[in-house]
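Residue numbers count from 1 along this sequence. Order of appearance sets the numbers: ligands from 1, and atoms from 1 within every ligand. Heavy atoms only: backbone and side chains are in, while hydrogens, waters and symmetry mates are out.
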Amino acid sequence: MFITFEGPEGSGKTSQLPALVDYLEGLGFQVVSTREPGGTAISDQIREVLTSMKNQELHPRTEILLFLAARAQLVEQVIKPALQAGKIVFCDRYGDSTLAYQGYGHGLDLTILRQMLDFATDHLQPDLTLFLDLDVEIGLARKKKASEWNRLDAYALAFHKRVREGYHQLIAEEPERWVTVDATQDMKTVQANLRKTILKKLKSTHLLP
Ligand code: TYD
């Protein structure tokens, strides 16, 4: 079971993940949790280039190639082996981030992006994608307050609004893969919703009775 987490900036995905892992491990599942860009030694080095405030001149085409390079390495080194071993894999951002940020945000051609994604991931698609949704202004304010500001957050507000709208578009195209959770709710309620959604999915695929 391959589960990805998506959302605009400051949606709290990263804070919710550890408790979800603990919960599923408590139910007896083996879980691997990773994040993008990053998750392997090589991908973490690429992440540095992508997020560093000093790389202001990074071109959108360079940016996409770096995201995809980080992802290809993560898929081969971490995600595929874990899935083959029967584990549940959680990934904090995946291909949909590329479509939302580089496609809808920067306006790069979506058809080409999808082909590049297929190449980078060797066609590996998530079974379930959890979308933590919230207003862009609220999310960016949360991140600034937490001092987690990076080069990508610093893109204009209009960019982040296009990203969120892009996600809504992606969900409309493939509603059976996505579940949206309202990320303006308190942490406990969001966690409870995420657990409920994952349990339902595990039951529907008979991984749980
Ligand atoms: P990060 O600090 O991990 O943000 P978050 O906690 O919101 O995931 O930074 C990742 C940034 O990279 C985030 O701004 C989204 C962006 N991103 C893309 O633009 N394209 C991609 O394909 C991926 C995976 C991430």
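The residue from Phe67, Tyr101, Tyr155 that alone fulfils the ring pair (Phe, Tyr, Trp, His ring centres under 6.0 Å) condition with His106 is Tyr155. The only option from Leu58, Asn55, Asn150, Thr62 that meets the side-chain contact (heavy atoms from CB on, under 4.5 Å) definition with Leu50 turns out to be Leu58.
Salt-bridge formation is not detected for the pair Glu165/Arg162: no Lys NZ or Arg NE/NH1/NH2 atom is positioned less than 4.0 Å from an Asp or Glu carboxylate oxygen. Salt bridge present: Asp133 and Arg164 bring a charged side-chain N and a carboxylate O closer than 4.0 Å. With respect to the salt-bridge test (charged N to carboxylate O, under 4.0 angstrom), the residues Glu57 and Arg151 do not qualify.
Judged by a 6.0 Å distance limit and a 45° cone about the ring axis, Arg71 is positioned over the six-membered ring of Tyr94.
Of the protein's heavy atoms, Arg93 NH2, 2.9 Å lies nearest to atom 7 (O) of ligand 1. For atom 14 (O) of ligand 1, the nearest protein heavy atom (residue, atom name, distance) is Glu9 OE2, 2.7 Å. Nearest protein neighbour of atom 10 (C) of ligand 1, counting heavy atoms only, is Pro37 CD, 3.9 Å. The single protein non-hydrogen atom nearest to atom 11 (C) of ligand 1 is Leu152 CD1, 3.5 Å, given as residue, atom name and distance. Looking only at protein heavy atoms, the nearest one to atom 24 (C) of ligand 1 is Arg71 NH2, 3.4 Å.
Proximity to Gln102 (heavy-atom distance under 4.0 Å) selects the following atoms of ligand 1: 18 (C), 19 (O), 20 (N), 21 (C), 22 (O). Close approach of ligand 1 to Thr14 is summarised as follows: ligand atoms under 4.0 Å from at least one heavy atom of the residue are 6 (O). Atoms of ligand 1 lying under 4.0 Å from any heavy atom of Glu36, numbered from 1 in the order shown and given with element: 24 (C). The contact set between ligand 1 and Thr98, taken as ligand atoms under 4.0 Å from a residue heavy atom, comprises 21 (C), 22 (O). Heavy-atom contacts of Asn150 reach the following atoms of ligand 1: 2 (O), 9 (O) (cutoff under 4.0 Å).
Interatomic distance, Leu24 CG to Arg195 CZ, rounded to the nearest 0.5 Å: 8.5 Å.
Remark: side-chain polar atoms of Arg35 are not paired, donor with acceptor, to backbone N or O of Asp92 under 3.5 angstrom.
Contacts between Lys143 and ligand 1, counted as non-hydrogen atom pairs separated by less than 4.0 Å, involve the side chain only.
Summarising the contacts of atom 25 (C) of ligand 1 with Trp149, Phe67, Tyr101, the nearest heavy atom is found in Phe67.
The shortest separation from a heavy atom of Arg47 to ligand 1 is under 4.0 Å, placing the residue in contact.
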Point to revise | Working for salt bridge (charged side-chain N to carboxylate O under 4.0 Å, His left out), residues Arg142 and Glu137 | key: CA-CA 9 Å; Arg142 278 186 183 175; Glu137 280 98 339; over 6 Å; no
